[in-house]
Amino acid sequence: MLAAIDFKSLPEQLVNGLLLGSIYALIALGYTMVYGILKLINFAHGEVFMLGAYVALLTSYALGYTPEATIGADPRPVVAAATVAMIGIVLLILGVVLVLSTLKVEKFSDAGKAVGGLFAIVGLLLFVVAQFQPKAVNLVLMLLSSMTICAVIGVIIERFAYRPMRNHSRIASLITAIGVSLLIQYGGALFLPNSPPKSISERVNPYRETVTMHLTPIPANLERDLDASQGPYLKTKKAFDDYLARTHEGEFDLKPEGQAIHNAAQAAERTYNDAKRKADTAGVSVTVQSNRILMLGVVLLLMAGLTYLVMYTRAGRAMRAVSHDFDSASLMGINVNSIITFTFVIGSSLAGAGAMMIATFQGTPLTTFYGLLPGVKAFVAAVLGGIGNIPGAVLGGILMGVAEALVVWLGYSDYRDAIAFVILIVVLLFKPGGLLGSSKVEKV
């Protein structure tokens, strides 16, 4: 058994597990925040994740990446980088002015600062991306679209499904959550592209190349061969891409000139891939796609923003107060309904961000059941870390991703989805409160 395991690939699998776990953590935060406030398991959260993936798909269609688009060349961007930068500057100025103006109007200080801060952050993001990474503009537009629509959906679910059930028993609220989940799954099939399943075009993602990090030195001769083959590979690849962009021919419908360039590019690619394979297998290395590194960076930024929001802002203090006691928070002047709605906005927008990145970077075909398994795994991650505990949700998500990657590494890829239920059973048996949660008994 142990002899058949490739221990050289273990670091790479651990990195893959960390990257996958970061997405589970992002979704689990929605579960744990809602539970911390309402003591309700929002089983419709997985469906919000699914809708976020569909929003990313439809946004990519609006940007020109439809199934009918020419395969050979990327379509022209609908929104130019300069326009996005200008919009970012306007939003940034508007946000700063709004925040400064609310300092003199105490009545609107909280709402004004929140809206102004949001405008400023989005504006700064758009400006920085348009100036320094213009090829990522489409990804940012898809991300913002998914987060915005999912936030709106979260508000609708809370207002019309959960708020009327707030004074009823918990089992009634739980049944309502399950009903909302099924309604979105089967109702969505009536108007969303579901059969055949659609997937986001990989051409919308400019970060498709792989990055190899060598944990042990490469032999000098293999490193020389890799360096010598990389130049011709990149040169011929660029020549072929430029030819397709100039002539708008398809990859499988080339003229003699294009075919000659294509053959040269393929030969150089084979030589480079062979040299790269020999170099990678000569020692211990970790190979990941650059889009996964980008995904981890976005997740870390979102989590840092959430931590700051919860721990260092008035809205965060209000959320913590409401999570302790509704009545006491209300007597202290906190609008409980607004805080609950705000919690759904944050949790749903995080789910939308995770859905956009997974659907775009993995290219999985979308159906209205797309959020079922990620939702269950994220729920298990929240339970593992301690439901209602934000650091616990992050820890549980990472552990879930690493456990799933290790199952694949051991050769049991067919059981990668079952590990979530095994972990759930073990946690409920030996530590029902989770790793960072409390084990106090509550009356239901």
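Quick note: residue numbers are just sequence positions, from 1. All figures in this text were calculated on a predicted structure; none of them were measured in a lab.
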- Query: From Leu40 CG over to Thr176 OG1, what is the distance, rounded to the nearest 0.5 angstrom?
  - Reply: 8.5 Å
- Arg166/Glu158 salt bridge by N-O under 4.0 Å criterion: yes
- Verify the distance criterion only: is there a donor paired with an acceptor across the side chains of Asn138 and Tyr65 at less than 3.5 Å? yes
- Plane angle bin for Tyr233 and Tyr272 - parallel if under 30°, tilted between 30 and 60°, otherwise perpendicular: parallel
- Hey, what do you get for CG (Leu19) to CE (Met357), rounding to the nearest 0.5 Å? 11.0 Å
- Query: Does the pair Lys238/Asp242 count as a salt bridge with the N-to-O cut at 4.0 Å?
  - Reply: yes
- Message: Could you go through Tyr207 and Phe361, starting from their C-alpha distance and side-chain angles, then the distance that decides it, and tell me whether this counts as ring pair (Phe, Tyr, Trp, His ring centres under 6.0 Å)?
- Response: CA-CA 9 Å; Tyr207 303 99; Phe361 297 150; 8.0 Å; no
- Query: Do Tyr370 and Tyr54 have their ring centres less than 6.0 Å from each other?
  - Reply: no
- Message: Rounded at 0.5 Å granularity, tell me how far OG1 in Thr148 sits from CG in Leu143.
- Response: 9.0 Å
- Query: Side chains of Thr368 and Gln185: donor-acceptor distance under 3.5 Å anywhere?
  - Reply: no
- Item | Heavy-atom pair with the smallest gap, counting every atom of Met33 and Met319 | CE-CE, 3.6 Å
- Please round to the nearest 0.5 Å and tell me the distance separating atom CE of Met356 and atom CG of Leu57. 11.5 Å
- Message: Please tell me whether Thr341 and Arg163 have a donor and an acceptor in their side chains that are separated by less than 3.5 angstrom.
- Response: yes
- What distance separates Asp417 CG from Leu373 CG, expressed to the nearest 0.5 Å? 4.5 Å
- Could you tell me whether the side chains of Glu209 and Gln289 share a donor-acceptor contact shorter than 3.5 Å? no
- Query: Any chance the rings of Phe127 and Phe132 have centres within less than 6.0 Å?
  - Reply: no
- Item | Pair Asp274 + Arg270, salt bridge at N-O below 4.0 Å | no
- Message: Please enumerate all residues that pass ring-ring contact (aromatic ring centres under 6.0 Å, His included) together with Phe379, with sequence neighbours excluded.
- Response: Tyr31, Phe43
- Item | Between CG on residue Leu141 and CG on residue Leu126, distance to nearest 0.5 Å | 7.0 Å
- Note on the structure: Between Val180 and Ala44, the two heavy atoms sitting closest are CG1-CB, 3.6 Å
